[in-house]
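Shown next, in structure tokens, is the structure this report addresses.
Keep in mind that this is a model prediction, so the values were computed, not measured. Sequence lines set the chain letters: A, B, ... in the order given, protein chains first and strands last, and positions in each chain run from 1. All values below were derived from every heavy atom in this structure, side-chain atoms included, with hydrogens, water molecules and symmetry-related copies excluded.
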There are 2 protein chains.
Amino acid sequence: MKRSEIRDHLLDTAIALFNKHGFHAAGVDLIIAEARVAKTTLYRHFPTKEALILAALQRRDEIVRAEMRSFVETRARDPRERLLLTFDYLEVWFAKDTFKGCPFISAAGEHGAKDDPVFQAAVHHKREVLEYLRELAVAAGIGRPEEIARKINLLHEGAVAVAQITRETSSAQLAKEMARALLAA
Amino acid sequence: MKRSEIRDHLLDTAIALFNKHGFHAAGVDLIIAEARVAKTTLYRHFPTKEALILAALQRRDEIVRAEMRSFVETRARDPRERLLLTFDYLEVWFAKDTFKGCPFISAAGEHGAKDDPVFQAAVHHKREVLEYLRELAVAAGIGRPEEIARKINLLHEGAVAVAQITRETSSAQLAKEMARALLAA
DNA sequence: ATGTATGTAGACAGATCTGTATCGTTTTTC
DNA sequence: GAAAAACGATACAGATCTGTCTACATACAT
């Protein structure tokens, strides 16, 4: 592996293990073992474990949002259709055997203090996703785009939470059906 | 405090701290300090921390479902109205300054392995809540009661997740509005 | 190509966490 | 009221966790 790729590789390994075991349970030793990297290397890139968590969440935020954008924008031009396609993006996510719920919700669960930087990272991600839905709603020319975006967003969160517990993908299509009814009204 | 109350007091203290700090971060020493109880006492009631977690979740499950039932059943007789009142129950919950999201979702986030007893406790709770919603839907004489119950449940989960991040109560009424539209259709 | 950056390997310190052991005291129970 | 059970306080063992230190090897830029 090239040295320029080590940092991102560490972040990808870390977020995967955080997602699998939780942020506290996934220790530094486990992360470096999985990433096949020395502990010195990790601590050269990140001063503390919290910094690693924050960087991993930030990277996940960027990747997920870019993926979602690309997913819906390559499949439809109509903003309404794109809003509905976000649920298909969720469905693909749920189908992965690594899926164990939203890492940002889990992060907020483990670091629930309002002023905790980890919690704030979760808030930031959710705000950005909501903002994207709002953009789509505005582009769709729907009345009350903010309200529609909040409702679609709530359906997203519901589908994710249900899928986290049931470990089935069907909540994505259920939520999509509800979103369709919402947009038809 | 009477000795017969110590067990429940420990469970209440534990679930509060698990909710505040997370299941891993809330240590046994913190719990016994907060509960003003000796460590020996805790380990006389529960063989391991995991047993404490399971018992605390089980107690929470029973309390929450009994509370929700009592909340909606003292406020309306019409099953449709009772379905909608579940969102007001959520709103009251969100308004508490101790609210930090659903403990069962957080438990599933920290113990995501499908065969983990803690995860199974979360699954059980969610199944029971869904079953209650199904009962209400059946009593309301709605077509496709299972489907309606799943949709209401998804709106619940969405409202909780949004409230966990925003720390506002408004997602409860937003979800209620969506549920109303659902029941009207 | 040569020095600087970064990497590997692993021992180590210090804190923290779960769970046990000890022992005196209090409460319950019969 | 006496025996049994439970509680309080605290020390302790052993594991684990974060973060540091040392010593050496490798890659990269100038």
Side-chain angles (χ1 to χ4, degrees), chain A residues 1-57 59 106-107 109-113 116-119 121, chain B residues 1-57 59 106-107 109-113 116-119 121:
Chain A
M1 181 175 0
K2 292 177 187 167
R3 287 191 167 166
S4 57
E5 299 169 354
I6 287 187
R7 187 190 147 96
D8 284 348
H9 172 62
L10 262 170
L11 292 176
D12 292 337
T13 307
I15 196 72
L17 292 172
F18 290 150
N19 204 45
K20 182 172 183 182
H21 302 286
F23 290 86
H24 277 89
V28 175
D29 286 332
L30 176 64
I31 293 168
I32 63 173
E34 197 82 5
R36 299 189 175 280
V37 149
K39 191 181 280 198
T40 325
T41 303
L42 187 151
Y43 278 101
R44 200 184 301 280
H45 284 284
F46 310 101
T48 62
K49 186 186 176 184
E50 184 180 72
L52 171 68
I53 293 176
L54 287 172
L57 286 177
R59 177 167 164 83
S106 295
E110 287 195 60
H111 304 85
D116 189 313
V118 176
F119 179 77
Chain B
M1 181 175 359
K2 291 176 188 167
R3 286 193 167 163
S4 58
E5 300 170 353
I6 285 187
R7 188 190 146 95
D8 284 349
H9 173 60
L10 262 170
L11 292 176
D12 291 338
T13 307
I15 196 72
L17 291 172
F18 290 150
N19 203 44
K20 181 172 182 180
H21 300 287
F23 290 86
H24 277 89
V28 174
D29 286 332
L30 177 64
I31 293 169
I32 61 173
E34 196 81 6
R36 298 188 174 281
V37 148
K39 190 182 280 196
T40 325
T41 302
L42 187 151
Y43 278 101
R44 196 182 306 277
H45 285 282
F46 310 100
T48 63
K49 185 187 177 183
E50 184 181 71
L52 171 67
I53 293 175
L54 288 172
L57 287 178
R59 177 168 164 82
S106 294
E110 287 194 59
H111 304 86
D116 189 313
V118 176
F119 179 77

Ignoring hydrogens and angles, tell me if any N or O in the side chain of A:His111 forms a donor-acceptor pair with the backbone of A:Pro117 under 3.5 Å.
->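 Flag not set: sc A:His111 to bb A:Pro117 has no pair under 3.5 Å.
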Selected nucleotide, minimal atom distance to [X] side chain, candidates [options]:
| X | options | value |
| --- | --- | --- |
| A:His45 | C:dG7, C:dT18, C:dG10 | C:dG7 |
| A:Thr40 | D:dA9, C:dT18, C:dT8 | C:dT8 |
| A:Lys39 | D:dT18, D:dG8, C:dT8 | D:dT18 |

State, to 0.1 Å, how close B:Leu57 and B:Ala107 come at their nearest heavy-atom pair, and which atoms those are.
->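 Answer, listing the atom of B:Leu57 first, then B:Ala107: CD1-CB, 4.1 Å.
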If you take all heavy atoms of A:Phe46 and A:Ala55, which pair is closest and at what distance?
->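 Between these two residues, the closest heavy atoms are CE2-CB, 3.7 Å.
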Starting at the 5' end of DNA chain D and moving along, which residue's nearest nucleotide shows up first, B:Ala38 or A:Arg44?
->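 Result of the comparison: B:Ala38.
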Nearest-angstrom distance from the residue atom [atom1] of [X] to [atom2] of [N]:
| X | N | atom1 | atom2 | result |
| --- | --- | --- | --- | --- |
| B:Lys49 | C:dT20 | NZ | P | 15 Å |
| B:Tyr43 | C:dT22 | OH | P | 18 Å |
| B:Leu10 | D:dA6 | CG | C1' | 13 Å |
| A:Glu5 | C:dG7 | CD | P | 12 Å |
| B:Ile6 | C:dT28 | CD1 | C1' | 12 Å |
| B:Ile53 | C:dC17 | CD1 | P | 14 Å |
| A:Leu42 | D:dC17 | CG | C1' | 13 Å |

Look through every strand shown and name the nucleotide pairing with D:dC21 as Watson-Crick or G-U wobble, where both distances are under 3.5 Å.
->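 C:dG10 is the nucleotide pairing with D:dC21.
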Base partner of D:dT26, which must satisfy Watson-Crick or wobble distances under 3.5 Å =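 Checking every strand shown, D:dT26 finds no partner, since no pair has both distances under 3.5 Å.
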Residues B:Glu110 and B:His24: side-chain donor-acceptor under 3.5 angstrom |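 Indeed, the side chains of B:Glu110 and B:His24 share at least one donor-acceptor pair under 3.5 Å.
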Using the purine O4'-C1'-N9-C4 or pyrimidine O4'-C1'-N1-C2 torsion, is C:dA5 syn (within 90° of 0) or anti?
->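 Nucleotide C:dA5 adopts syn.
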For the atom pair [atom1] ([X]) and [atom2] ([Y]), what is the distance rounded to the nearest 0.5 Å?
| X | Y | atom1 | atom2 | answer |
| --- | --- | --- | --- | --- |
| B:Thr13 | B:Ile6 | OG1 | CD1 | 10.5 Å |
| B:Asp8 | B:Glu5 | CG | CD | 8.5 Å |
| B:Leu52 | B:Arg7 | CG | CZ | 9.0 Å |

Where along residues 22-36 of chain A does a heavy atom come under 4.0 Å from DNA chain D, residue by residue in number order?
->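 Heavy-atom contacts with DNA chain D come from A:Gly27, A:Val28, A:Asp29.
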Looking at A:Thr41, does any N or O in its side chain come under 4.0 Å of the phosphate oxygens OP1/OP2 on C:dT8?
->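 Answer yes for this pair, as a side-chain N or O of A:Thr41 is under 4.0 Å from OP1 or OP2.
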Looking at every strand, decide which applies to B:Thr48 at a 4.0 Å heavy-atom threshold: base, sugar-phosphate, or nothing.
->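 It contacts sugar-phosphate atoms only.
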